[in-house]
Student: 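Right, I'll just put the structure down here and ask away after.
All heavy atoms count here, side chains included; hydrogens, waters and symmetry mates do not. Whatever order the structure lists ligands and atoms in, that order sets their numbers, starting from 1.
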Amino acid sequence: MNQKNEDGYELWLRYRRVDNPDRLRQYRQAISRATVLGASETAEIIRRELGRALPALLDRAVPLSEQRPTGNALVVGTAGDLKPLGVSIPQVQRQNLGEEGFLIRSHQAGGDTWIVITGNAETTLLTGAFHFLRLLQTHQNIDNLNILSRPRIRHRLLAHWDNLDGSIERGYAGQSLWQWAELPETIDPRYHDYARACASIGLNGACLNNVNAQAQSLTTAYLEKVAALTDVFRPYGMRVYLSPVFSAPMQLGGLPTADPRDPAVTKWWQKKVDEIYRLIPDFGGFQVKANSEGQPGPQDYGANHDDGANMLAEALAPHGGILLWRAFVYDVSVDQDRAKCANKEFEPLDGKFRPNVLVQAKNGPIDFQPREPFHPLFGAMPQTPLALEVQITQEYLGQSIHLVYLADMWKEVLDADTYARGPGSTVAKIVDGSVFGHNTSCIVGVANTGSDRNWCGHHFSQANWYVFGRLAWDHQLSTETITEEWVRLTWSNDPLVLQSIKPMLHGSWPACIDYMTPLGLHHIMQEGHHYGPDPAFNSAPRQDWNCVYYHRADREGIGFDRSSSGSNAVGQYHPPLREQFGNLTTCPEKYLLWFHHVPWTHRLQSGRTLWEEMQHRYDEGVAFVEKMVDIWQGLQATIDSQRHQHVSQRLAQQLENARKWREVCLNYFGQFVSGEDT
Ligand code: GCW
């Protein structure tokens, strides 16, 4: 079978003819025509999407109209618009849908059956339409539909670390999508495709510029460009956010200070925010990195995070904007253990933030490592809504060269029990607001998109964008469900493809941990670019930028002692976790070297000594990449050669890199291990 070549631009929206004859028959029977009610731009987008998808999937014409259909049909409209057609959505159900939910329901209209997609706003109809198309793309039964779905988290954002010169910090898929030089006059058609892709997986916001921000992004000229992008995104239900630099009042306003307690500074921000809302009435808000890695912030003036955050939040509040204040801070004067810094700075501020402030923490306390225990800030600030930030772009996980599927990593974090209000206080439930009763919530994914034709560099990195959106919408979905969807949508519904790719995806993250940083090791990547291994590195300007700071290997053993006899970072977790993590014998082995300095001869559950186990893990990690190479080879005849070759080349590189990781790490750590330890 020779498949037509594909370049990956279509992502998971490929709309190939349904190649299951029974399903095709069912779909053709159920959808003889389609009606999209409403005259808005969004309704037009839905019409375009259905006009593109249905004839392609069903391989025949599907007439589209704005009229009451005859025959079996797909009907899309808000509850209000459906009424004249005799479709009434009960009040309770409408309430249940909330602002963003959609309902897909089979409806008897005389002798005909309609499949009705509805919701309270037009953008929710778009999400519902994409959901329905996904059912067809993945060959699901569409008889007797009754699907009500609403997001568990209110703000679901991609954060772009894009600089105004077009480069992307930690971007591995080309240049920024935003053509600042051409905006606002020229609208790159790709902006529509970007918003469409985001909408299709339920995302509703994008922060356009790097958190290491430039003041220029707040100038009127740039705001006009941002407004033009917003005009494109709006009908897709996507809001726009910006990262302001805290010192902007000095750089742009010529003020002598950016002290948040100075009335002139407050005034400057108010005027700036008012200007933003004049140009962009539905502007989402700000995401701020302050007093972190050299960025300016309130502490430069003896003020604190709450002063800075509240000043900006007050400017945004009258317009309905939110303020995401990042908790990624690690000032050595706060604590010698970087993992403890954020809690030490932020916990005392709980209760001091304005209602539209969300404190944003990364999934773990260090920095997007292949695996980290959850960030102890989740559960430590009951009075403050906390936003969760994960990194879709694979800064520390092989960038766009390694196939590493992040679904299970995020799920592990979301499902982690913080015990903040007893058992069941998972990170997911803290983030969605349900544990502490907050009515605002947010999840942020650092984007992996760029100007590469396939958007993400690696065809398989698209899966991480996809799964981020799906989990942001519903963190209760199983990763198996999402994986199955993505493979069917992106590759094929062919059972051989499914059976081959699903285990590759689910095995790829554990394998990456094993060949890079097994058993709780972390941050032993090369300085700066963070790509390869460099466990010996010890010449950074700060201790906690050195790899030796993190692994602490010596003649006795290896690992960072964060138990109560060490840095006591375990003390930042609620019981029973602090005891569990703090005790060498009860600490889950996946976090062993994160929390303990462990003797080389310590025996693990496998019966192997630590050193034997480390060697075993590195071997296992490499072996899995070898397996992926084989599995992929077996799909040569089933996958189009363009994408097949692209992935093959990257897998070959990944294998070479994984072997390198094993060689470098085992050689280096092996020096500390004496004959008797092995
Ligand atoms: O992981 C580190 C990255 C920086 C990044 C920083 C942050 C945007 O290496 O490139 O800066 O985190 O999250 O602020």
Student: State which residue, out of V245, T219, L218, fulfils the side chain to side chain contact (heavy atoms under 4.5 Å, CB included) condition with Q251.
Tutor: V245
Student: Which pairs, with at least one residue in residues 656-666 and sequence neighbours excluded, count as a salt bridge (charged side-chain N to carboxylate O under 4.0 Å, His left out)?
Tutor: D619-R662, E626-R659
Student: Return each pair, listed once, that meets salt bridge (charged side-chain N to carboxylate O under 4.0 Å, His left out) where at least one residue sits in residues 286-307; pairs must be two or more places apart or across chains.
Tutor: K289-E293
Student: Please confirm whether the backbone N or O of Q295 pairs with a side-chain atom of N212, one donor and one acceptor, at under 3.5 Å?
Tutor: no
Student: Could you pull out the N/O contacts under 3.5 angstrom between ligand 1 and the surrounding protein atoms?
Tutor:
residue	atom	partner	partner atom	Å
ligand 1	1 (O)	D367	OD1	2.7
ligand 1	1 (O)	D367	OD2	2.4
ligand 1	1 (O)	E395	OE1	3.2
ligand 1	9 (O)	R170	NE	3.2
ligand 1	9 (O)	R170	NH2	2.9
ligand 1	9 (O)	E395	OE2	2.6
ligand 1	10 (O)	E169	OE2	2.4
ligand 1	10 (O)	R170	NE	2.9
ligand 1	11 (O)	E169	OE2	3.2
ligand 1	11 (O)	N212	ND2	3.2
ligand 1	11 (O)	K289	NZ	3.2
ligand 1	12 (O)	K362	NZ	3.0
ligand 1	13 (O)	R326	NH2	2.6
ligand 1	13 (O)	K362	NZ	2.7
ligand 1	14 (O)	K289	NZ	2.6
ligand 1	14 (O)	R326	NH1	2.9
ligand 1	14 (O)	R326	NH2	3.4

Student: Return a table of donor-acceptor pairs under 3.5 angstrom between the side chains of residues 221-230 and protein atoms on other chains or two or more places apart.
Tutor:
residue	atom	partner	partner atom	Å
K225	NZ	W180	O	2.6
K225	NZ	L183	O	2.8
T230	OG1	V226	O	2.7

Student: Can you check whether V390's main-chain N or O pairs, donor with acceptor, with N363's side chain at less than 3.5 Å?
Tutor: no
